[in-house]
Number of protein chains: 2
Amino acid sequence: MGQALPQHDVYQAIADPSRRRLLRLLTQGEQPLSALSGQFDMSRTAVSKHLRVLREAGLVTERRAGRETRYAFRPEPLAELKDWLAYFEQFWDNKLAMLKHLAETPDEEA
Amino acid sequence: MGQALPQHDVYQAIADPSRRRLLRLLTQGEQPLSALSGQFDMSRTAVSKHLRVLREAGLVTERRAGRETRYAFRPEPLAELKDWLAYFEQFWDNKLAMLKHLAETPDEEA
DNA sequence: ATCATACGAAACCGAATGGTTTCATGTCAA
DNA sequence: TTGACATGAAACCATTCGGTTTCGTATGAT
């Protein structure tokens, strides 16, 4: 039967700086591997592997076009990250919530 | 010379589900290791190591209180994540930006 | 037909990761 | 003072990660 696809999630996908840079590059539009790997110091194969991780996380799609593979950015999975982050935002940019948090945290003595 | 510690960043810190859970737990307030590790299936030592990664990323602080070490959540480093994410938001939740993006992306034929 | 191009698969490698167990140390309690 | 408690350091282990090189195979150009 079908192999388990989502070997990587969005958190793992963005953990690597090269992959974050790939996402940035892809916001410029769909690009083939050769164009992308030209921007990196590493081998084409290494970039290809990074793109696979991003694809597994749903952050890019690939499509064959002739002899090249064109990669495109898919923003949707970042919504999970945004949601995750939203929970924590009350603890730093909402001053009232911050005060509330401090008030509810018992300040025990050493 | 002092050996350079791996010094994890916030992206690596949140890549692990156990560490994300630790952050959640710590939003309830400062807690000693024993209370935290009781919530996990793994050994106390393993949890301690996860907390060190979080501390290296600036996401928690530790402070000795008697014989326990109390860990507290620090939200500040998440701002970097938020900023990073903000760049990409235009590509999915702002419909005008999305249209603009599509318009600027040449739709080449295969 | 031939040949260069664009790419992925596979095998391999060293280092990092996530976990364990064992041990040493500081602290509170009797 | 003796002993239990809370913890971190260290050594160790298997797996994953990020990278390489080599090779196979479509595809497009001549």
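Residue numbers start from 1 in every chain, and the chains themselves are labelled A, B, ... in the order their sequence lines are given, proteins ahead of strands. All figures in this text were calculated on a predicted structure; none of them were measured in a lab.
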Please determine if a side-chain N or O atom of A/Gln7 lies less than 4.0 Å away from the OP1 or OP2 oxygen of D/dT16.
no

Kindly assign one of parallel, tilted or perpendicular to the pair A/Phe73 and B/Phe88, based on the angle between their ring planes and the thresholds 30° and 60°.
tilted

B/Arg70 vs D/dA6: side-chain N/O to OP1/OP2 distance below 4.0 Å:
no

Indicate whether OP1 or OP2 belonging to D/dT16 is found under 4.0 Å from a side-chain N or O atom of A/His8.
no

Tell me if the side-chain of B/Lys49 makes a donor-acceptor pair with the base of C/dG19, cut-off 3.5 Å, by modelled atom types.
yes

Write down the distance between CZ (B/Arg67) and P (C/dG26), rounded to a whole number of angstrom.
15 Å

Suppose we call a contact any N or O donor and acceptor under 3.5 Å apart; does that hold for the side chain of B/Arg64 and the base of D/dG8?
no

Trace of the side chain to side chain contact (heavy atoms under 4.5 Å, CB included) decision for B/Val53 with B/Lys49
CA-CA 7 Å; B/Val53 173; B/Lys49 284 199 198 173; 6.0 Å; no

Would you indicate, yes or no, if D/dG19 has its OP1 or OP2 atom less than 4.0 angstrom from a side-chain nitrogen or oxygen of A/His50?
yes

Is A/Arg44 side chain donor-acceptor paired with the C/dG8 base, going by distance under 3.5 Å alone?
yes

Closest nucleotide of DNA chain D for A/Ser18 versus for B/Glu62: which of these residues is on the 5' side?
B/Glu62

Separation of A/Leu54 atom CG from D/dC17 atom P, in whole Å?
13 Å

Without decimals, in angstroms, what is the distance between A/Leu33 CG and D/dT27 P?
17 Å

Round to a whole Å and report the spacing from CD of A/Glu68 to C1' of D/dT25.
17 Å

Which part of the nucleic acid, if any, lies within contact of A/Tyr71, taking any heavy atom under 4.0 Å across all strands shown: a base, the sugar-phosphate backbone alone, or nothing?
sugar-phosphate

Any side-chain heavy atom of B/Leu54 within less than 4.5 Å of one from B/Tyr71?
no

Nearest whole Å is fine: how far is D/dT7 C1' from B/Gln31 CD?
16 Å

According to a strict under-4.0 Å criterion, is B/Thr45 in side-chain N/O contact with OP1 or OP2 of D/dA9?
no

For the pair made of OH in B/Tyr11 and P in C/dA16, what is the distance, rounded to whole Å?
21 Å

Remember a base hit wins even if backbone is also touched, and classify B/Ser43 as base, sugar-phosphate or nothing at under 4.0 Å, heavy atoms.
base

Separation of atom CE in B/Met42 from atom P in D/dT7, rounded to whole Å
16 Å

How long is the line joining CZ of B/Phe40 and C1' of C/dG18, in whole Å?
13 Å

Above 12 or not: heavy atoms from other molecules or residues under 6.0 Å from CZ of A/Arg52?
no

Classify the ring geometry between B/Tyr87 and B/Phe91 as parallel (under 30°), tilted (30 to 60°) or perpendicular (over 60°).
perpendicular

Mapping A/Gln12 and B/Thr69 onto DNA chain D by nearest heavy atom, which one lands closer to the 5' end?
B/Thr69

